[in-house]
Amino acid sequence: MRPVRVRFAPSPTGPLHIGGVRTALYNYLFAKQHQGKLLLRIEDTDSTRFVANAEQYIIDAFQWLGIPFDEGVHIPNEEGISYRQSERKTLYKKYAQELLQKKLAYIAFDTPEEIEVKKHEVANFQYDASTRHQMKNSMTLTDSEVQTLINKGEQYVIRVRIEPGEDINIQDLICGNVVINTSILDDKVLWKSSDQLPTYHLANVVDDHLMNISHVIRGSEWLPSTPLHILLYRYLSWKDTMPQFAHLPLLLKPEGNGKLSKRDGDRLGFPVFPLEWHDPLTKEIISGYREKGYFPEALINFLALLGWNPGTEQELFSLDELILHFSLDRVSKSGAKFDFEKAKWFNHKYLQTISNAELADKYLRILQSKNIVSSKDYVEKVVAIIKERANFVEDFWDTSAFFFTRPLTYDETVIKKRWKENTPEQLQIIIGLLQSIQPYNALKAHDAIMQYITDNSLNTAQIMNCLRLCLVGYAKGPDLFTIIELLGVNESVERINIAINKIKI
RNA sequence: GGUCAGUUCGUCUAGGGGUUAGGACACAAGGUUUUCAUCCUUGCAACAGGGGUUCGAUUCCCCUACUGACUACCA
């Protein structure tokens with residue numbers, strides 16, 4: 001079997017879409033599984049849609065995701081090969097010429113406007129074998145007429161010549177056998193004189209051939225144009241080394257129907273891009289998974305299972321496990337709706353596996369931005385008891401702010417329910433208990449307070465909730481005795497005193 | 001309009017001629033807890049419709065419906 005070489009070939013027209021991330025991921029998994037190579041090629045043959053930051057964004061995104069490429073636009077190589085199509089433009093013309101010589105392509109002078117007119121005149125007009133004789137091209141003009149027009153500086157395109165009536169068989173690794181008849185194909189433009197650039201179809205086939213691509217794994221929107229690509233491989237006498245195709249199902253909107261699009265994310269409140277995108281033109285900032293607090297491993301795990309499954313009940317996979325288990329024949333044929341809740345669950349699972357030290361470092365940065373000074377040791381202890389209730393590091397503050405700042409208000413409903421006339425004096429006794437325990441820790445505090453409650457036949461829930469109210473400000477959160485320990489005796493006592501003074505019934 | 005493809009719980013999916021159609025997310029209930037979460041347990045919930053083939057179809061075939069992609073000098 002020939003060495004596996006696959007590519008991810010985005011067009012730098014904007015931020016990398018999450019569907020593109022999945023396509024790249026599947027390419028990566030497939031490549032690694034077969035000890036193959038993954039290439040990053042930039043398909044920037046449409047100068048009109050070029051967006052300045054897009055290429056760097058794509059590179060940064062994969063850097064963050066931890067998907068490395070073996071070759072690509074961002075990786076220097078000794079041969080001086082460019083992986084950017086705009087820099088390979090001279091290459092493509094040669095192959096267009098070859099097709100011209102073989103009479104498998106022809107020159108056409110019809111302007112876009114003229115074709116537009118034709119489309120209005122003729123219903124379902126298509127530039128193909130049935131109509132090309134009515135048009136202005138090298139099949140209707142003589143060689144000298146063509147030459148004259150070119151000499152005059154007339155712009156032209158090179159169109160592939162497709163003859164009708166042939167069934168083209170696509171042996172797709174995911175979709176199976178798909179047959180498309182050439183009669184429905186049109187004579188696609190391969191190359192344009194105006195900018196000296198090829199269109200996607202020519203550039204893609206030429207590059208895949210020259211780069212020795214063994215498998216083309218791409219979105220299923222390409223399936224309909226695959227017959228053209230197959231024809232091109234044949235026309236250029238590359239049929240023997242034609243890559244195998246695998247067309248991935250689309251990612252769909254979470255609600256309703258249709259392809260997941262950029263606007264869905266903002267409308268529904270979740271990102272559709274890996275990283276935050278700063279639009280150079282509109283100055284708009286669109287959120288990304290990284291900024292929302294997703295771990296790249298969690299996003300990858302989630303994406304991997306969206307359209308593929310191992311056939312077992314395992315759902316949590318490391319990247320290495322994905323490489324081991326991934327296979328194209330277990331990729332589903334139907335589109336998958338994007339389930340944001342499940343993505344959060346994956347992140348929750350990953351969060352639990354990360355060390356307290358590492359999480360503390362992340363949390364420390366958030367605390368810093370809130371001008372809170374704290375020791376790493378303390379933050380680590382806080383993280384240890386709150387991480388299980390969080391999906392994101394960004395959730396930490398909401399559930400643990402009281403570890404760093406004193407409560408400013410006290411939950412009214414808790415006061416109403418739990419705060420009695422004699423509560424202050426009970427709390428005074430608890431202050432005494434806290435000040436007397438040696439050593440000062442959660443266990444000792446627990447024993448002392450529970451002893452006090454049982455000795456005096458008090459209502460546990462009432463005492464505990466009032467105490468929590470003093471320390472936290474509301475009636476939820478982690479184990480109260482752990483809070484007492486972490487806060488320390490002085491802070492705990494201070495907070496109780498403040499609360500006794502502030503809370504009036 | 002044409003071509004191609006797809007359709008199993010709300011969502012992601014497993015399964016496949018005979019199954020109580022399995023799992024996960026979400027949701028609900030119960031347990032645990034001083035509280036809120038977590039966690040555990042349980043529950044809820046699906047083969048698009050119609051024809052065949054067959055002893056038997058969700059599974060195979062056909063039709064219909066629906067959905068999607070494509071139908072650019074965009075990728």
Side-chain angles (χ1 to χ4, degrees), chain A residues 9-13 43-46 48-49 85 108 110-112 115-116 119 123-124 126-127 155-159 170 172 175-176 178-181 183-186 188-195 197-201 203-204 218-227 247 249-250 252 254-259 302 305-316 330 332-346 348 352 385-390 399 411 414 418 446 449-450 453 459-469 472 474-481:
Chain A
S11 191
T13 54
E43 310 223 330
D44 54 348
T45 50
D46 183 3
T48 61
R49 293 214 305 158
Q85 289 184 331
D110 319 87
T111 63
I115 292 173
E116 203 50 45
K119 276 182 179 167
N124 296 325
Q126 186 166 274
Y127 207 124
Q155 297 299 341
Y156 63 92
V157 298
I158 297 177
R159 285 183 181 271
I170 306 169
D172 193 277
C175 305
V178 179
V179 181
I180 295 174
N181 195 281
S183 302
I184 64 141
L185 266 29
D186 64 335
K188 275 269 175 318
V189 170
L190 300 179
W191 194 85
K192 306 152 278 175
S193 71
S194 58
D195 56 8
L197 282 169
T199 60
Y200 170 84
H201 305 288
N204 191 263
R218 61 187 0 173
S220 69
E221 68 268 29
W222 294 110
L223 189 60
S225 49
T226 302
H247 289 94
L250 260 20
L252 273 19
E255 49 180 47
N257 300 310
K259 199 158 98 166
F302 167 65
L305 272 294
L306 212 53
W308 169 84
N309 80 86
T312 65
E313 283 176 2
Q314 182 178 358
E315 292 208 88
L316 266 10
R330 291 202 67 89
S332 64
K333 293 185 189 183
S334 48
K337 281 191 183 179
F338 203 82
D339 183 5
F340 195 54
E341 288 303 323
K342 190 103 186 211
K344 282 202 255 187
W345 177 78
F346 274 108
H348 173 80
Q352 309 316 312
I385 60 172
I386 59 159
K387 73 171 178 183
E388 67 185 21
R389 56 183 68 222
T399 55
D411 191 318
V414 181
R418 305 291 194 188
H446 171 268
I449 293 171
M450 293 318 280
I453 289 170
N459 179 337
T460 311
Q462 192 216 322
I463 298 291
M464 294 296 287
N465 276 298
C466 286
L467 188 50
R468 180 181 291 277
L469 194 65
V472 177
Y474 44 85
K476 47 183 174 177
D479 175 65
L480 190 53
F481 300 108

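Residue numbers begin at 1 in each chain, while the letters A, B, ... track the order of the sequences. Because the structure is predicted, anything quoted here is derived from the model rather than measured.
Set against B:A14, B:C25, B:C74, the side chain of A:Glu341 has B:C25 as its closest nucleotide. Minimum atom distance to the side chain of A:Ser194 is reached by B:C73, of the listed B:A75, B:G23, B:C73. Of the candidates B:C12, B:G1, B:C73, B:C12 carries the atom nearest the A:Ala336 side chain, counting heavy atoms from C-beta on.
If you check B:A24 for Watson-Crick or wobble pairing at under 3.5 angstrom, you find it paired to B:U11. Pairing for B:A57 is absent, judged as Watson-Crick or G-U wobble with the two contacts each under 3.5 Å. B:U35: no Watson-Crick or G-U partner with both key distances under 3.5 Å is found in any strand. Under the Watson-Crick or G-U wobble criterion, with both distances below 3.5 Å, B:A5 is paired with B:U67.
Atom pair A:Glu315:CD and B:A26:P shows a separation of 11 Å (rounding to whole Å applied). Atom P of nucleotide B:A75 and atom CG of A:Asp195 are separated by 9 Å, given to the nearest angstrom. Regarding A:Met450, its CE atom lies at a distance of 13 Å from the C1' atom of B:U35, rounded to whole Å.
A:Gly219 comes within 4.0 angstrom of no nucleic acid atom, judged by non-hydrogen atoms across all strands. Within 4.0 Å (heavy atoms only), A:Asp479 reaches at least one base atom of the nucleic acid. Using a 4.0 Å heavy-atom criterion, one finds that A:Trp191 contacts no nucleic acid atom at all. Using a 4.0 Å heavy-atom distance criterion, A:Pro478 is classed as a base contact. Within the 4.0 angstrom heavy-atom criterion, only backbone atoms of the sugar-phosphate kind lie near A:Gln126; the bases stay farther away. In this structure, A:Thr48 reaches neither bases nor backbone, as no heavy-atom distance under 4.0 Å exists between it and the strands shown.
Taking only distance into account, the side chain of A:Lys342 meets the base of B:A24 through a donor-acceptor pair shorter than 3.5 Å. A donor and an acceptor atom never sit less than 3.5 Å apart when one is taken from the side chain of A:Arg159 and the other from the base of B:C73.
Put simply, A:Arg330 has a side-chain N or O that comes within less than 4.0 Å of OP1 or OP2 on B:G15. Of the side-chain N and O atoms in A:Ser332, one or more sit less than 4.0 angstrom from OP1 or OP2 of B:U13. Contact annotation: A:Asn309 reaches the phosphate of B:A14 (side-chain N/O to OP1 or OP2, under 4.0 Å). Residue A:Lys344 places none of its side-chain N or O atoms closer than 4.0 Å to OP1 or OP2 of B:A26.
Side chains of A:Asn204 and A:Trp222 form no contact here, defined as non-hydrogen atoms less than 4.5 Å apart.
Shown here for A:Ala203 and A:Pro198, the closest heavy-atom pair between the two residues is CB-CG, 3.7 Å. Of all the heavy atoms in A:Ile115 and A:Asp110, the pair that sits closest is CG1-CB, 3.9 Å. In terms of heavy atoms, A:Leu306 sits closest to A:Phe338 at CD2-CD1, 3.9 Å.
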Contact list (N/O, under 3.5 angstrom) for nucleotides 4-8 of chain B vs protein:
{"unit_1": "B:G6", "atom_1": "OP1", "unit_2": "A:Lys333", "atom_2": "NZ", "d": "3.4"}

Please write out the pairs of protein N or O atoms and N or O atoms of nucleotides 39-49 of chain B separated by less than 3.5 Å, giving the distance to one decimal.
none

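With sequence neighbours excluded, no residue satisfies side-chain hydrogen bond (donor to acceptor under 3.5 Å, both in side chains) with A:Ser334. A search for side-chain hydrogen bond (donor to acceptor under 3.5 Å, both in side chains) contacts involving A:Thr48 returns A:Asp46, not counting sequence neighbours. With sequence neighbours excluded, the residues that form a side-chain hydrogen bond (donor to acceptor under 3.5 Å, both in side chains) with A:Gln126 are A:Asp128. For the side-chain hydrogen bond (donor to acceptor under 3.5 Å, both in side chains) test, residues two or more places apart in sequence or in another chain that qualify with A:Asp479 are A:Thr482.
In this structure, CZ on A:Arg389 lies 11.0 Å from CD on A:Gln352, to the nearest 0.5 angstrom.
Between the C1' atoms of B:U53 and B:U58, the separation comes to 16 Å (whole Å).
Here the two rings, on A:Phe302 and A:Phe340, have centers that are 6.0 Å apart or farther.
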